[in-house]
Amino acid sequence: MGDRSARMPARQGKSPARPVPPGAKPPVPRQRWPEARQFAALDLGTNNCRLLIARPQGDAFVVVDAFSRIVRLGEGLAATGRLSDAAIERTIAALKVCADKLRRRNVALARSVATEACRRATNGAAFTERVFAETGIRLDIISAEEEARLAVLGCHALLEPGDGPALVFDIGGGSTELVLIDSSGAEPRVLDWHSAPWGVVSLTEHAGGGSDEAERLAHYARMRALVKESFAGFAARLPRNLRRPRLLGTSGTVTTLASVHLGLSHYDRSAVDGLIVPASAMRQISEDLSHMDIAERAELACIGTERADLVVAGCAILEAILDLWPAERLGVADRGIREGILKRLMGSAR
C-alpha cells in the first residue's frame with residue numbers, strides 16, 4: 001500500500017526512477033528544482049483507465065497531462081470470473097499510451113492502482129504481471145477500503161458546506177463505495193464505509209437489458225432493489241438522524257447525468273466539477289433514461305454509444321442511494337481516486 005513509484009522500484013539512496021518500459025534506455029538524469037517535479041496517478045477501474053500527471057502549486061496542484069479511455073476491463077467477469085483476452089488487450093493498449101505519456105514527462109513519483117475487476121478476477125495477478133512486462137507500469141491492486149479513502153481524499157473539498165456527517169459515494173464499474181465522513185476538520189475523517197459489489201458493468205451484466213419498454217422498466221426495478229438490498233446493512237449502522245445528509249458523488253454516472261441536466265452539447269469538466277444539482281432533477285433524468293432503448297440513449301449528448309448500455313445501471317445505483325438517503329440535492333465531483341493519490345504522493349514528497 002506504499003505510495004512509492006508505481007512503475008519502477010526505488011533505488012537505494014536515490015529518488016525513484018522515472019518510468020521506463022522494458023528494453024528502453026533510461027534518460028540521462030537532469031537536475032531540476034523541486035518545484036518542477038511532476039507526479040502521476042493512474043486509476044485502472046472495471047470500466048475506465050484514467051491517468052493524471054500534475055505538478056505541485058502551493059497546497060494544490062496543476063494538471064500537466066491527462067488521459068482517459070473506456071476499456072471495459074471487467075466485461076464478462078461476472079460470468080467467467082476471469083478477465084477476458086479481448087478486455088486485456090484493450091486495456092494494455094490504453095496503458096501503453098499512459099506509459100508513453102509518463103516517459104515523456106518529468107515524473108518524480110507515481111502510483112498506479114487497479115480496483116474491483118482485478119480484485120475479483122482469478123487472473124488479476126497474472127494480468128498485472130503482464131502489464132508490467134509489456135508497459136513498465138506496476139499496478140497495485142488496492143482494497144475496497146483504500147479505494148474508498150482515496151476517493152474521499154480526492155473529492156471532499158467539493159462537499160456542500162454544512163453541519164453533521166456527509167456521505168460520499170463512488171459509483172464504479174464493478175463496485176460502489178459509500179463513505180460516511182466528518183468534514184469539520186481540515187482533512188475528512190472516515191466514520192464508516194461500505195463497498196457493494198454493484199457497479200455499472202457488474203449490475204448491467206447481472207440484471208440489465210430488456211427488449212421492450214416494459215421489460216426494461218422491470219429490469220430497472222430489479223437493479224434498484226438489488227443495490228438497495230446491498231446497502232441495507234450499512235444504512236442500518238448509520239445514525240438514525242442521518243436521513244438527509246449532504247451527498248457528494250464522484251463517478252462517470254453523476255458527471256454524465258449532471259451534463260444531461262445542464263443540457264451540454266459536449267462534456268465540460270469546468271461546468272460539472274463542483275456542481276450542486278437538485279436530487280429531483282437527477283431522479284427525473286434517471287427515470288427518463290430507464291424508459292429509453294440503447295439507441296435512444298446513444299443519441300443524447302454526453303452519453304453517446306460508449307455509455308448508452310451502462311448508464312441506466314448507474315441511474316439505478318444513484319436512485320437506490322437517494323431512496324435510502326433522500327437528500328434535497330447532491331454535489332457532483334469529476335475528481336476522486338487519482339486526485340487522492342496525487343495528494344498523498346505530494347504530501348510524502350514534502
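Please read all numbers here as calculations on a predicted model, not as lab measurements. Any value given below was found using the heavy atoms of this structure, including those in side chains, with hydrogens, waters and symmetry copies removed.
Counting non-hydrogen atoms of neighbouring residues, nucleotides and ligands closer than 6.0 angstrom, the CG atom of D85 reaches no more than 12 such neighbours.
For R246 and E160, the salt-bridge test fails: no basic side-chain N is under 4.0 Å from an acidic carboxylate O. Taking 4.0 Å as the cut-off between side-chain N and carboxylate O, K343 and E187 do not count as a salt-bridged pair. The existence of a salt bridge linking E145 and R149 is confirmed by a sub-4.0 Å separation between a basic side-chain nitrogen and an acidic carboxylate oxygen. R104 has a carboxylate O that lies under 4.0 Å from a charged side-chain N of D100, or vice versa, which qualifies the two as a salt bridge.
T176 places a side-chain N or O within donor-acceptor distance of the main-chain N or O of W198, the cut-off being under 3.5 Å. Listed for the N123 side chain is a donor-acceptor partner under 3.5 Å among the backbone atoms of L83. Checked by atom type and distance alone, the side chain of E339 pairs as donor or acceptor with a backbone atom of G336 at under 3.5 Å. Although no hydrogens or angles enter the test, the distance criterion places a donor-acceptor pair under 3.5 Å between the side chain of R237 and the main chain of W193. Of the possible polar contacts, one joining the R119 side chain to the I142 backbone as a donor-acceptor pair under 3.5 Å is found.
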(message) Before you tell me yes or no, could you show the steps for R69 and E306 under salt bridge (charged side-chain N to carboxylate O under 4.0 Å, His left out), namely the whole-Å CA-CA distance, both residues' side-chain angles and the distance that decides it to 0.1 Å?
(response) CA-CA 10 Å; R69 181 180 294 178; E306 283 193 324; over 6 Å; no
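Under the 4.5 Å side-chain heavy-atom criterion for grouping Ile, Leu, Val, Met, Phe, Trp and Tyr, L158 is not connected to L318 through any hydrophobic cluster.
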